[in-house]
Amino acid sequence: MSTTILTTQDLSRAFGGVLAVNLVNLEVRDKMVQSVIGPNGAGKTTLINVITGRLAASGGKVLYLEKDITSRAVHHRVKMGISRTFQITSIFMGLSVWENVRIAVQSHLGGSLRILSARPSLGSVNDKTEAILKRVGLYKLAERPANLLAHGDQRVLEVAISLASDPKVLFLDEPAAGMSPAETDQVSELIADLGTEMAVVLVEHDMEVVMKISHHIIVLHQGGVIARGTPREIASNQEVKDAYLGGDDWAPLSNV
Amino acid sequence: MSNMEQAAPRSLIFERLGGGKAMWITTAVMVVILAVLPFILPNRFYIRLVNEIMIYGLLAMSLDVLLGYTGLLSFMHNAYLGLGAYATGLFMIHIWPESIWVAMLVGTVFTMAVALPVGWVQVRTGGLAFALLTLAFGMMFYTVAWKWYDLTGGDDGLMGLPQPDITLFGLKLASSGNSTAIYLFTLAILLICFVFTWRVIHSPLGAVLEAIRENEERASFVGINVRRYKLIGWMLACGLAGTAGSIYILYRGYTGPGVMGAFEGAGVLMMVLLGGMGTLWGPFIGAALFIVLKDQLSSWTQDWEIFIGAIVILLVLFLPKGVAGVPALFNRQSGGED
Ligand SMILES: Nc1ncnc2c1ncn2[C@@H]1O[C@H](COP(=O)(O)OP(=O)(O)OP(=O)(O)O)[C@@H](O)[C@H]1O
Ligand SMILES: [Mg+2]
């Protein structure tokens, strides 16, 4: 078993009276793709939001490398190695593809206070930006403004941005949403590859992708964990099938 | 091969400054024109008008650092011009009348010292709340300048400003009472401030500000301490506004609370929007447009605000990106875009 990077202890988040995340205990391990699945409104995005600091927890703890980070500022968590993408694409729309990644790399490597230098003078920042863009296959589009990219490329650009901080754990909220089958194949290959280098936590509705690249799956339902296990175990779990579609005739799971 | 090696250092100066060759040549030409203007324009009145345009252009440019680059709306940026003006004036009247440089430094530093706690509070909010706080603080400063009669002279304003010589490295250049001297002095300070701000905006720091403008949440999720960098942008903008205020009182020999009013603040915002935000040079065009229009209209009618309002409405409707957006408009019409 690989080392544990991040754990949550009875993590909860309420909205008014609704418990969107209810006493969730997670263990995120290094060099693995771990998926969080569940029906709409199960609390998957809220769980990521609380772990990454976008939302405050209502109860419980987030431990990262054994440190309690439950109430750390977002930028501190990023600097420590926690990175994410959003369900609704969040990139710097008015900036070029290059600048989108470059600014993220600059923030990680430093140099932001060098007010008398030119931006391109940060050599190591340029090199890393180039390497990341080449890795995700967007280098050819480096000059293009992000708002003119196709939807799928914008999703990939956000993954590229989130890689700039050399994350130890990467949360991906439905990265393949709205992608064509070909794009989905490419991005799931990229995610599987990232899972050999860091801890990846994937939220995804495309069960083919989930079943193919996950090492471990957690099933959320109404804010709580109802099952966890290998893809094979989850696929044959009756409670999961009931929660998901209220029946056992759910094609994506029965295919596995 | 050797050709390229020779070419590299020449283009380097432009690269280091950021911005293209054309932009810097235009700047140089503008500076030369502005510098010879007092010697070819016989009418003192127009010299003073251009002087005022330069000062308000500097103020509008400093607001552009917030509005166009950091994405923060400040309704009463003129309050910081006022702080710089009063601080410079009070320092010269009560403490040390000898040096225009020390007085300017005092004006700028005082403005930044006030701006720091204000900014510290403001960056803890975002969007509309930030804008509202700029209005609230601005009105407080205005009221202090207006009501603290013993210190500021209240409604009458600050009068009796001494007119020391303008010196450089101990060399006497001219009296600050000479309108041509103060004009050229304004131009010199303006040029320094513009090149400095341009440099900063095109540095890695400027990139951080732009990232915050584009997407604050994403900025914090790439590890940027958003509040800290907003505060840096705020301090830069207020420092420049304070400098503009220092020159303002030297140029007028007087300041009243009127320069710090909300109505004036709206005028500065209009200058930025008219010229085109996010360009740094656009606000100067906006300031020129606004001040010339105001001058022409007010010589013709007392209710010039109505007309300037109407003109601003038309420009916003038809030139949403200001004068700076005109070239892009032509490109689109000639099929320059897909
Ligand atoms: N900011 C919010 N304010 C109030 N309620 C919220 C908020 N965010 C989420 N919720 C509620 O919390 C519950 C969980 O929502 P969440 O977005 O985490 O689900 P999800 O599993 O990501 O769903 P989906 O698959 O549709 O993305 C839902 O009932 C939702 O309405
Ligand atoms: Mg979601």
Side-chain angles (χ1 to χ4, degrees), chain A residues 48-49 52-54 73-86 88-96 98-122 125-126 145-148 157-158 160-167 171, chain B residues 8 11-20 24 65 68-71 123-124 126 192 195-233 235-236 239-240 277-278 321 328 337-338:
Chain A
I48 294 184
N49 284 345
T52 59
R54 191 187 192 211
V74 166
H75 62 270
H76 284 142
R77 298 188 208 214
V78 176
K79 294 255 186 246
M80 294 170 90
I82 301 174
S83 207
R84 72 171 289 180
T85 66
F86 290 81
I88 297 166
T89 311
S90 179
I91 58 181
F92 305 112
M93 281 293 178
L95 306 180
S96 68
W98 175 268
E99 188 60 16
N100 263 270
V101 178
R102 201 202 64 79
I103 185 62
V105 174
Q106 177 188 308
S107 165
H108 177 59
L109 294 183
S112 292
L113 288 173
R114 289 178 46 185
I115 59 170
L116 295 182
S117 333
R119 289 180 203 179
S121 70
L122 303 174
V125 171
N126 295 338
N147 58 350
L148 297 183
L157 175 58
E158 194 174 355
I161 291 170
S162 66
L163 290 177
S165 54
D166 287 331
F171 292 86
Chain B
S11 64
L12 211 62
I13 178 87
F14 298 110
E15 258 168 49
R16 282 195 58 85
L17 283 168
W24 286 108
V65 170
Y69 289 95
T70 321
V123 299
R124 258 135 258 275
I192 293 167
V195 172
F196 172 74
T197 310
W198 185 276
R199 175 64 287 183
V200 171
I201 284 299
H202 294 86
S203 76
L205 174 71
V208 174
L209 300 183
E210 282 182 351
I212 292 172
R213 174 196 69 198
E214 287 298 317
N215 188 340
E216 205 176 311
E217 180 161 72
R218 185 27 97 183
S220 66
F221 275 100
V222 301
I224 292 170
N225 183 344
V226 171
R227 284 178 183 175
R228 177 175 170 217
Y229 283 92
K230 276 183 175 175
L231 187 58
I232 292 173
M235 292 304 288
L236 174 62
L240 290 164
M277 63 175 186
K321 290 194 168 161
E337 261 176 42
D338 58 339

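All values reported here derive from a predicted model rather than from experimental measurement.
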Segment of A:Ile82 engaging chain B (4.5 angstrom heavy-atom cut-off): neither
Leading residue by heavy atom contact count with chain A [cutoff under 4.5 Å; candidates B:Glu214, B:Arg218, B:Arg213, B:Glu210]: B:Arg218
Contact class of A:Ala164 relative to chain B, heavy atoms under 4.5 angstrom: neither
Option in A:Arg102, A:His108, A:His76, A:Arg84 with maximal non-hydrogen atom pairs under 4.5 Å from chain B: A:Arg84
Non-neighbouring partners of B:Arg227 that pass salt bridge (charged side-chain N to carboxylate O under 4.0 Å, His left out), sequence neighbours left out: none
Segment of A:Leu122 engaging chain B (4.5 angstrom heavy-atom cut-off): side chain
N/O donor-acceptor pair under 3.5 Å between A:Ser162 side chain and A:Ser83 backbone: no
Side-chain heavy atoms of B:Arg228 within contact of A:His75, under 4.5 Å: no
Gap between atom CG of A:Asn100 and atom CE of A:Met93 - 0.5 Å precision: 8.5 Å
Backbone N/O of A:Ser90 and side chain of B:Glu217: donor-acceptor pair under 3.5 Å: no
Chain A interface, residue from B:Val226, B:Asn225, B:Val208 that has the most non-hydrogen pairs under 4.5 Å: B:Asn225
Per-residue contact mode, A:Ser112 against chain B (heavy atom under 4.5 angstrom): both
Best-contacting candidate, A:Ile91, A:Val78, A:Val105, against chain B by heavy atom pairs under 4.5 angstrom: A:Val78
Selection residues 209-230 of chain B - residue pairs positive for ring pair (Phe, Tyr, Trp, His ring centres under 6.0 Å), sequence neighbours left out: A:Phe86-B:Phe221
